[in-house]
Asker: 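First, the structure itself, so that you have it in front of you.
In what follows, chains carry the letters A, B, and so on, assigned in the order in which the sequence lines appear, proteins first and then strands, with residues in each chain numbered from 1. Note: hydrogens, waters and symmetry copies are ignored here, and every other heavy atom, side chains too, is used. Because the structure is a prediction, the values reported are computed rather than measured.
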Protein chains: 2
Amino acid sequence: MEDLAFFEATQAEPLEAGAQTRAERRDQQIQRILEAAKNCFVRSGFQGASMQQICVECGMSPGALYRYFPSKESIVEAICEADRQDEMTCFGVLKQPQSAVEGLVEAAIAHILHTHEKGSAPLFAEMRSESMRNEAVRCTVDGHKQQIANMIAPLLKGAIERGEIDPQVDLQTLMAVVMSIGEGLAINDLPSRGVALDQLEIVLRAMIVGMLRPTGHTDGEQSSVPATFSSFG
Amino acid sequence: MEDLAFFEATQAEPLEAGAQTRAERRDQQIQRILEAAKNCFVRSGFQGASMQQICVECGMSPGALYRYFPSKESIVEAICEADRQDEMTCFGVLKQPQSAVEGLVEAAIAHILHTHEKGSAPLFAEMRSESMRNEAVRCTVDGHKQQIANMIAPLLKGAIERGEIDPQVDLQTLMAVVMSIGEGLAINDLPSRGVALDQLEIVLRAMIVGMLRPTGHTDGEQSSVPATFSSFG
DNA sequence: TAAGTGAGAGCGAACATTCGCTCCGGAAAG
DNA sequence: CTTTCCGGAGCGAATGTTCGCTCTCACTTA
């Protein structure tokens, strides 16, 4: 009962100066929680991070935190959703590409660069493994993939119509491979492992060019199914 | 106090008949624990799965289980190590390849097929995210990568000497990209998403051929650095 | 008999969540 | 303009549960 001033201090301090509406303040607090939670999740994983850690990180009591999110699970979902939307911003290149090859190369580089700069590879890895057992996270991840697929599909379809791609190639397979590759490149965060972006671009472009023009470049076998493991399927 | 026979049953049942030494029995129990733990980890993640769940899954009491593994962490490490060794078995192709292209294609397909058949994609995803915060798991994963890299490197180096690969390409970058791609393909478990293996092989071969012969196939720009994002590095 | 093995109760700690409470800004009432 | 009142915001102790792990003791086997 003696230090009533304590409450005043902690309550007023974290907010920046200036008048703001209730809703603005609320949004601000939510962002504060999400940022703190993201740090904790990157550090300890979705399951390893505790609500108490998140409380410490954002300077809130559990009671306060639960006024903004009804459960830990809901924070996880919000984080995943935010990360998904953030990652979508770097695929604007796909809307006005010079060609299918250039569109894919630029998108790949942009994706890699974005993941590297935001340091979101650990969170992405966490999302990927969580999506294998958590329904909500799986929906978010799949929705994300579907959005990207919806951007790539017309790009490749247009390229097929313009004769830039061998029409024999299965579009479904091609898209699955392209997206898997993008994922593998992003999750490995090559720039932070010392891979130079210009070198990376050279290899990626060569690879994509080869992928989109499969016939006429293989060693001697121009015909449809080239041997080795074709018996599985 | 009335059904003492129950305990006898649960204790003797899980072991198969026939005389066996103590060491044999011990190995058998360890395998039983590891298999149970793997199921639990795939279902709930390393952090989400509890020792009690593992106990139920392998029909053991905690006291018994802790006789074989000193901690949950040690089980995680053992699982990762076993998975790593298991996964290495499918890269035998890289030792006697017809060519760099064929070696990589066959290795990729074998890797994808192996991951698909063993259903080890979820465990792999879990390992990947755990490796970002767990020292021991990181060492295992990195060791695994290094082993694969050590198999791929001479393959590509030999190909360079034989003139199969453009010497301008940076070997380090090429290896990083190749391995990232393999990871992306395996973690996505394309066969279970309806991608046919023969179609996959066509796309992969075209891609690898393009990657290993970057010059002379790009559209008009044979020279070293082809434009777009080259300013980063 | 001596060593190995397993069951299951139990440990303290940590977990996600809830509780009762105080505080504060602003609207309503006087 | 003052007073009253309301509800959002915040606190931190406390809830019951579950965690990884240990202990004791009975049983089996060589």
Asker: Rounding to a whole Å, what distance do you find between A/E24:CD and D/dG8:P?
Answerer: 18 Å

Asker: Give the minimum heavy-atom separation between A/A36 and A/C58, together with the two atoms involved.
Answerer: CB-CB, 3.4 Å

Asker: Who pairs with A/R43 by salt bridge (charged side-chain N to carboxylate O under 4.0 Å, His left out), at least two apart in sequence or on another chain?
Answerer: A/E57

Asker: Tell me, please, which residues at least two apart from B/F69 pass ring-ring contact (aromatic ring centres under 6.0 Å, His included).
Answerer: none

Asker: Please, which pairs that meet ring pair (Phe, Tyr, Trp, His ring centres under 6.0 Å) have at least one residue in residues 106-150 of chain A, sequence neighbours excluded?
Answerer: A/F91-A/H111

Asker: List in chain and number order the residues that pass side-chain contact (heavy atoms from CB on, under 4.5 Å) with A/E77, two or more places apart in sequence or in another chain; answer none if no residue qualifies.
Answerer: A/E73, A/A136

Asker: Could you work out which one of D/dG12, C/dT5, C/dC15 sits closest to the side chain of A/Q53?
Answerer: C/dC15

Asker: Residues in side-chain contact (heavy atoms from CB on, under 4.5 Å) with A/S120, at least two apart?
Answerer: A/D83, A/T115, A/K118

Asker: What is the distance from CZ of A/R67 to P of C/dC21, rounded to the nearest Å?
Answerer: 14 Å

Asker: What residues form a side-chain contact (heavy atoms from CB on, under 4.5 Å) with B/M51, not counting sequence neighbours?
Answerer: B/I54, B/L65, B/Y66, B/K72, B/I75

Asker: Near B/Q53 CD, under 6.0 Å, is it more than 12 heavy atoms from other residues, nucleotides or ligands?
Answerer: yes

Asker: What residues in residues 38-51 of chain B put a non-hydrogen atom under 4.0 Å from any atom of DNA chain D?
Answerer: B/A49, B/S50, B/M51

Asker: Using whole Å, what does the distance between atom C1' of nucleotide D/dC21 and atom CD1 of B/I54 come to?
Answerer: 13 Å

Asker: Provide, to the nearest angstrom, the distance between the CE atom belonging to A/M60 and the P atom belonging to C/dT18.
Answerer: 17 Å

Asker: Hey, is the main chain of A/E126 close enough, under 3.5 Å, to the side chain of A/S129 for a donor-acceptor pair?
Answerer: yes

Asker: What I want to find out is whether B/R84 reaches B/E81 closely enough, with some N-O distance under 4.0 Å, to be called a salt bridge.
Answerer: yes

Asker: With 3.5 Å as the limit, what N/O pairs link the protein to nucleotides 14-17 of chain D?
Answerer:
none

Asker: Under a 4.0 Å threshold between the charged nitrogen and the carboxylate oxygen, would B/R138 count as salt-bridged to B/E130?
Answerer: no

Asker: Report the residues that fulfil side-chain contact (heavy atoms from CB on, under 4.5 Å) with A/A149, sequence neighbours left out, ordered by chain and then residue number.
Answerer: A/Q146, A/M175, A/M179

Asker: Would you mind checking if B/R32 and B/E35 are paired as a salt bridge, meaning a charged N to carboxylate O distance below 4.0 Å?
Answerer: no

Asker: Quickly work out the B/R32 CZ to C/dT5 C1' distance and round it to whole Å.
Answerer: 12 Å

Asker: Rounded to the nearest Å, what distance is computed from the CZ atom of residue B/F69 to the C1' atom of nucleotide D/dT22?
Answerer: 18 Å

Asker: Have a look at the helix from C/dT1-D/dA30 to C/dG30-D/dC1 and give the angle its two end axes make, five pairs each, rounded to 10 degrees.
Answerer: 10°

Asker: Using OP1 and OP2 only, check whether a side-chain N or O of A/R26 sits under 4.0 Å from D/dA9.
Answerer: yes

Asker: Counting any heavy atom closer than 4.0 Å, what does B/Y68 reach on the DNA or RNA strands: base, sugar-phosphate only, or nothing?
Answerer: sugar-phosphate

Asker: Would you kindly give the OH-to-P distance between A/Y66 and D/dA13, to the nearest whole Å?
Answerer: 17 Å

Asker: Among residues 71-81 of chain B, which ones have heavy-atom contacts with DNA chain D below 4.0 Å?
Answerer: B/S71, B/K72

Asker: Using a cut-off of less than 4.0 Å, is there contact between a side-chain N or O of B/Q29 and OP1 or OP2 of C/dG6?
Answerer: yes

Asker: Identify, with sequence neighbours excluded, every residue that meets salt bridge (charged side-chain N to carboxylate O under 4.0 Å, His left out) alongside B/R193.
Answerer: none

